[in-house]
Amino acid sequence: MKIFLDTANIDEIRKGVEWGLVDGVTTNPSLMERAGVKDFAAAAKEILKVTPGPVSLEVVATDFSGMMKQAEKIAALGPNAVVKIPMTLDGLAAIKKLRERSIPVNCTLVFSPIQALFAAKSGAEYVSPFVGRLDDIAEDGMTLIEQIKTIFVNYDIQTKILVASVRNPVHVVRSALIGADIVTLPFDVLKKLPQHPKTDEGLARFLEDWNKIFPGGRFPL
Ligand code: G3P
């Protein structure tokens, strides 16, 4: 399962890449605002340069021709740019046209299995179901991932399931068990994943015992 960072904050992306944990990045207008982005082109180019994989950048037009114009500009920013298009009727038309032009699309704001199926049929490379926002309204976001996975397996659909609106490590474990292709994580969730209190406790005990033999933690090689 690939790990993407769900952020437009360049320092977080650099850190995640340094840890070797980042396969790609997803952004959206809210994340751009949160990262304090003023110059969209400059920020997008920097993210595309630093990221060793696909970077989703979202259109803000809501009509077909506006989406197409913005999508072409986004695609021209770099070879790893992926155009994020919202799940609407105009969005589906744009996805189909962009597919014909070999421009990869991540269909965003997916909340139902049928939306995912339609996005895939239109030619989206990725679908982004928002699990946390379904949990927020007392639905089970992960059930949606199971349903999409079953549908994609049933029809041998190649569109990748990119689990979004991930809020906690349990979302990540369940995504992996279901066989989702990608999870996109906020930086704080990414940081939490490799940590475990028993690991910290075990390491402290090893170092304490070592110090009894070699005071000051000296390493005698
Ligand atoms: O990738 C979509 C994601 O950014 C939405 O997350 O936490 O705002 O629901 P959230």
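Numbering of ligands and ligand atoms starts at 1, following listing order.
For Asp136 and Arg133, the salt-bridge test fails: no basic side-chain N is under 4.0 Å from an acidic carboxylate O. Using a 4.0 Å cut-off between a side-chain N of Lys or Arg and a carboxylate O of Asp or Glu, Glu18 and Arg14 do not qualify as a salt bridge. Using a 4.0 Å cut-off between a side-chain N of Lys or Arg and a carboxylate O of Asp or Glu, Asp140 and Arg174 qualify as a salt bridge. The residues Glu12 and Lys15 are annotated as not salt-bridged, no charged nitrogen and carboxylate oxygen being separated by less than 4.0 angstrom.
Here the protein heavy atom with the shortest distance to atom 8 (O) of ligand 1 is Arg133 NH2, 2.8 Å. The single protein non-hydrogen atom nearest to atom 7 (O) of ligand 1 is Arg167 NE, 3.0 Å, given as residue, atom name and distance. In this structure, the protein non-hydrogen atom closest to atom 2 (C) of ligand 1 is Phe130 CZ, 3.3 Å. In terms of protein heavy-atom proximity, atom 3 (C) of ligand 1 is nearest to Asp6 OD2, 3.0 Å.
With a 4.0 Å heavy-atom cut-off, ligand 1 is reached by no atom of Val166.
The residue from Ser165, Ala164, Ser30, Ser56 that puts a heavy atom closest to atom 6 (O) of ligand 1 is Ser165.
For Arg34, no nitrogen or oxygen atom sits less than 3.5 Å from a nitrogen or oxygen atom of ligand 1, counting backbone and side chain alike. Considering backbone and side-chain N/O of Thr26, none are found under 3.5 Å from N/O of ligand 1.
Ring centroid separation for the pair Phe130 and Phe111 comes in under the 6.0 Å cut-off.
Under a 4.5 Å side-chain heavy-atom criterion applied to ILVMFWY residues, the cluster that includes Val82 comprises Phe4, Tyr126, Leu162, Ile182 as well.
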